[in-house]
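What's counted below: heavy atoms across the whole structure, side chains too, no hydrogens, waters or symmetry copies. Below, chains carry the letters A, B, ... as their sequence lines are ordered, and counting in each starts from 1.
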2 protein chains.
Amino acid sequence: MAQKPTAKESVLDAFERVITDKGERAATLDAVAAEAGVSKGGLLYHFSSKNDLAEGLAERLARLGADDLVQLRDAPEGIVRRFIRSSVVVGNPFDNAYLAVARLAQSGLYPVANDALAAIEAGWRALIEESVGDAAVARLVLLVSDGLYYNAALFPGAVTPPPAADLDEVIDALEAFAKTRAPHPAS
Amino acid sequence: MAQKPTAKESVLDAFERVITDKGERAATLDAVAAEAGVSKGGLLYHFSSKNDLAEGLAERLARLGADDLVQLRDAPEGIVRRFIRSSVVVGNPFDNAYLAVARLAQSGLYPVANDALAAIEAGWRALIEESVGDAAVARLVLLVSDGLYYNAALFPGAVTPPPAADLDEVIDALEAFAKTRAPHPAS
DNA sequence: GTCTATACATGGATAGAC
DNA sequence: GTCTATCCATGTATAGAC
């Protein structure tokens, strides 16, 4: 029965797309309505304010984030490798939502966006710490991820995608360091 | 003879302060004029547009950035340690300018701000690479720095200052990794 | 050089027809 | 449920007095 809210979802898609492509400031009600193919009034029927739109996106992120965390936990290549690799935005639904909400959060106008990001980060942190077994290594992993993510995704237009080979080299370094700190995780 | 442009500089100070304290969106001409203690008209005499203000700040950053790079090169505690430590914003003139310009750049409305940041980053990258002698390590150092910086400084209000002890631990890890990669830099 | 007054555009949101 | 028309607030920028 949660299969039918197509109209709302497509407006939310449009909101997400405009934020991602042109930045938060460009995501006016007019622009979002146009992108969604409806009028401003039509949009405001589904989301009665701009803050309502932000909440909708934050909820979507929370939903997708839960799935993402499960996939991360079960990643065959290992949690750290998967986590770092996924720090460079590729364009899946979770990435798109995360990026858009991050942009919203930056403006400082939507506390709900900041809260949603904090919740995602907390989930990651717990999983990474549990996985690597050392707080310092976990911190390093999270910092590198943040560095990658923010660098690549934060500035609309100036996207600099890092080469995959370089990325793996960085991951190797992190895992080597992790071994240094926790040499015998099993015994 | 470059000692007298007090009025312009104080307007620029106000611009910087408002951006830092309340975010780029709150830095309207009205708000900046009020902060500087002048009228909107008075402000616009010195900077004929908002983009002009952004350019002024970008130039200030470039000026301070040159000094910063020299100090980094000569840091007695070592370049990497100094660099990572300085990634957490402390409030010196360079930090203030950098933070403000970063916020401007995020909006996507001021290409001059993005350019100024890119120039700063390029200077850092060259120095770090030269210092650690290994591209992968340099990349890691820059990523950690970015992670630290963006996390702490990007969201107006939600500033999370990382503990100094944890920071040093991260630096130790980076330097240990650097030794792994370049065991005998002299021979 | 600094001020007031004002023009002009844009964005969020309401009212009410269809 | 979606539209048009409109109101109101805010932000940038200009004109011209002092």
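Nucleotides of DNA chain C nearest to B:V38 and A:D30 differ in position, and the one nearer the 5' end is that of B:V38. Between A:G41 and A:R25, the residue anchored nearer the 5' end of DNA chain D, judged by the nucleotide with its closest heavy atom, is A:G41.
Here the closest non-hydrogen pair linking B:L148 and A:L143 is N-CD2, 3.7 Å. The nearest pair of heavy atoms linking A:G65 to A:F94 is CA-CE1, 3.5 Å. Here the closest non-hydrogen pair linking B:P93 and B:L64 is O-CD1, 3.6 Å. Contact between B:V101 and B:A116 at its shortest, heavy atoms only, is CG1-CB, 4.4 Å. Taking both residues in full, the closest heavy atoms of B:D95 and B:V90 are given as OD2-N, 2.8 Å, listed atom of the first, atom of the second, then distance. Smallest separation of non-hydrogen atoms from A:S49 and A:L44: N-CD2, 4.1 Å.
For B:D30, the salt bridge (charged side-chain N to carboxylate O under 4.0 Å, His left out) partners at least two apart in sequence or on another chain are B:K40. For the ring pair (Phe, Tyr, Trp, His ring centres under 6.0 Å) test, residues two or more places apart in sequence or in another chain that qualify with A:Y149 are A:Y98.
Salt bridge absent: B:D68 and B:R73 never bring a charged side-chain N and a carboxylate O closer than 4.0 Å.
Using a 4.0 Å cut-off on heavy atoms, the residues of residues 46-57 of chain B that approach DNA chain D are B:S49, B:K50, listed by number.
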Enumerate the protein-to-nucleotides 6-8 of chain D contacts in which both atoms are nitrogen or oxygen and the separation is below 3.5 Å.
none

Set out, in order, the CA-CA distance, both residues' side-chain angles and the distance that settles salt bridge (Lys or Arg N to Asp or Glu O under 4.0 Å) for B:R103 and B:E16, then state yes or no. CA-CA 10 Å; B:R103 296 252 171 88; B:E16 199 178 89; over 6 Å; no

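Following rounding to the nearest Å, B:L43 (CG) and D:dG11 (C1') show an atom-to-atom distance of 13 Å. A straight line from OH of A:Y45 to P of D:dT4 spans 17 Å, rounded to a whole angstrom.
You'll find the side chain of A:V38 stays beyond 4.5 Å of the side chain of A:H46, heavy atoms only. B:E130 has its side chain out of reach of B:R125: every pair of non-hydrogen atoms, C-beta onward, lies at least 4.5 Å apart.
Atoms CD and CD, on A:E24 and A:Q106 in that order, are 8.5 Å from each other to the nearest 0.5 Å.
The overall bend of the helix from C:dG1-D:dC18 to C:dC18-D:dG1, read as the angle between its terminal helix axes built from five base pairs each, is 0° when rounded to 10 degrees.
Close approach of DNA chain C to chain B, defined as any atom under 4.0 Å from a non-hydrogen atom of the protein, starts and stops at C:dG1 to C:dT4.
Using a 4.0 Å heavy-atom criterion, one finds that B:T28 contacts the sugar-phosphate atoms exclusively.
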